[in-house]
Amino acid sequence: MPDHAISPIRSQDYPEWYQQVVRAADLAEQSPVRGCMVIKPHGYAIWERMQTILDRMFKATGHQNAYFPLFIPLSYLEQEAKHVEGFAKECAVVTHHRLELGPDGKLIPTGKLEEPLVVRPTSETIIGAMYAKWVQSWRDLPVLINQWANVVRWEMRPRLFLRTAEFLWQEGHTAHATRDEAVEETLRMLDVYATFAERDLAMPVLKGPKPSGERFPGAVDTFSIEAMMQDGKALQAGTSHFLGQNFAQAQGIKFSNSSGVEEFCWTTSWGVSTRLIGAVIMTHSDDDGLCLPPRIAPTQVMLLPIHRTDEERTAVLACCRQLEAELSNARFGDEPIRVRIDARDMRGGDKVWQHVKQGVPLRVEIGPRDLAAGAVSVSRRDRGPRERAAMPLGQFVAEAAGLLDDIQRGMFDRAKAFRDQHSVRLGSTAEVVEFFERPAEKGSPVQGGFAHVHVADDPAVTAMFDPLKVTVRCIPLEGNDDPGTCIVTGRPVTGRSVLARSY
RNA sequence: CGGGGCGUGGCGCAGUUUGGCUAGCGCGCUUGACUGGGGGUCAAGAGGUCGCAGGUUCAAGUCCUGUCGCCCCGACCA
């Protein structure tokens, strides 16, 4: 057998490695529908974990869930001028509402709609239209609503989880009485995303505003969290937009303030998507496949019974069930430990490797020898696939949560160290060119990384780095009290921006 | 949408240049035996009409036209 479960390995062909990891872990696959993927049970279970945690965080910050239509009248998208520019293309449009049987047995669309309906690429306009009706008084504010939904963006080059024509996400939409309150909300949700990414996904992120060229169409300010993938590229993992009064003015979201004077609301929107699954894959997985942070792993401990005879099977399974019960009573991250017994009748080696490739944090083998010794054999996903440590059964139960915590921390630390190792501070355009053009070192998929550089928010900067396919990802909010002069325009800037290639 | 490549059992491929009998191979799958903390061994099976549509021909996986989809590069990516 090859040295690694995944072929090619990361350093050979990173994009192909990614696809093979997705496949080996049985997360998703292409559907017969152009650009649309099928999220398979294991992939969906990961999304459900993300939903559960995020939903709890949204509720804790005062938000409620609601649901708005999939279809948006074409005229709604025309309301906000900048929004129109950004969304004019890449939308799916419904023009008919009926199918009739043609003479050749084919179905023909008929019943042309008076106004075409656009399948939502995002919901600012339809939600804003409702907010305009709901908000009348300052007493109606703030409106704090989140929607879990699917959206469609007719992307030309889809990639599983990273960019598909249809994807799942959540979109929060809020309306406030004051600018400060809306800005505060924008940053609060950015923090929620950053906390979720770092604590639950074990994925270090930089958070900060995007340059004007990368803003959401119609936004006054767009903030993002940016993570570094194992090939050194940046992935925008979440965005939070301060929309100012742009949408409120376009859609008439108005209220009477406490002095009886009519004012426009200040609105925000923020979202993360199933793209986060792609982010987790590219942050943590190795040449043996998926590696899941315990907090989002659908199964944290997989029990693997080993037996030959029926008597052994009975005894081993009984032990597994008891262990399952005891572990389920233990807690990790405020929840019962998620444990499963894999009692399928198949070859042991295949079974073990399947769980390696699926990223299960802890594998526990229990056989007659362990039974006799009152022990279990424990393997960690963050160690070599063949490593096993014997441990007294009682000790394992007591320490399981600690082991999961250790894996979770270790994954974050490793990802952070990787990002730091591939982050540099540069002081000239020549240095930037050299950094991004330097070929990858042997055995590494990394070309470039994050360059922290003084640049102004200016088209000249964009043009300068365009040939390198490098863009300004964001201007980090934290640890960035470092004024200087733009290396392209010579203008003074208050801090460094992060330059990187991105997904 | 522009340039390039590709579509043959579940997966990976050969066959297409020079059309010709029942379309092959590896892996996987099923069954049995041997095994048994091993991505095991051996044997016997099942499974495809060659992306789709049309055309040329006595004959098409193989030639022609169209179309759909996938991959890479570019543009796009809220």
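Letters A, B, ... are given to chains in the order of the sequence lines, protein chains preceding strands, and every chain is numbered from 1.
At whole-Å resolution of the value, CD in A:Q354 and P in B:C11 are 17 Å apart. In this structure, A:L160 atom CG and B:C70 atom C1' are separated by 11 Å, rounded to whole Å. Rounded to an integer number of Å, the gap from CG of A:D345 to C1' of B:U30 is 13 Å. What separates CD1 of A:I306 from C1' of B:G39 is a distance of 14 Å, to the nearest Å. B:G10 atom P lies 17 Å from atom CD of A:Q30, rounded to whole Å. Atom pair A:K351:NZ and B:G39:C1' shows a separation of 14 Å (rounding to whole Å applied).
Partner assigned to B:G9 is none, using Watson-Crick or G-U wobble distances below 3.5 angstrom. A 3.5 Å limit on both hydrogen-bonding distances identifies B:G32 as the Watson-Crick or G-U partner of B:C42.
Using C1' as the reference atom, B:C64 and B:U57 are 12 Å apart when rounded to the nearest Å. Rounded to a whole angstrom, the distance from the P atom of B:G19 to that of B:C58 is 15 Å.
Between A:E324 and A:R321 there is no salt bridge, since no side-chain nitrogen of the basic residue lies less than 4.0 Å from a carboxylate oxygen of the acidic one.
Inter-residue side-chain proximity for A:P209 and A:L477 is flagged as met; some heavy-atom pair is nearer than 4.5 Å. Residues A:M282 and A:Q230 form no side-chain contact, since every pair of their non-hydrogen atoms from C-beta on lies 4.5 Å or further apart.
The side chain of A:Q236 places no N or O atom within less than 4.0 Å of a non-bridging phosphate oxygen (OP1 or OP2) of B:C77. Between B:G39 and A:R386, a contact under 4.0 Å exists linking OP1 or OP2 to a side-chain N or O.
In the interface, the side chain of A:R347 is paired with the base of B:G40 through a donor and an acceptor atom under 3.5 Å apart. Side chain A:R163 to base B:C77: a donor-acceptor pair is found below 3.5 Å.
Side-chain proximity of A:D370 to B:C70, B:C11, B:G37: nearest is B:G37.
Using a 4.0 Å heavy-atom cutoff across all strands shown, A:K210 reaches no nucleic acid atom at all.
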| query | Could you walk me through whether A:H4 and A:W17 pass the ring-ring contact (aromatic ring centres under 6.0 Å, His included) check? | reply | CA-CA 11 Å; A:H4 303 290; A:W17 164 84; over 10 Å; no
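Rounding to the nearest 0.5 Å gives a distance of 7.0 Å between OG of A:S240 and CG of A:L187.
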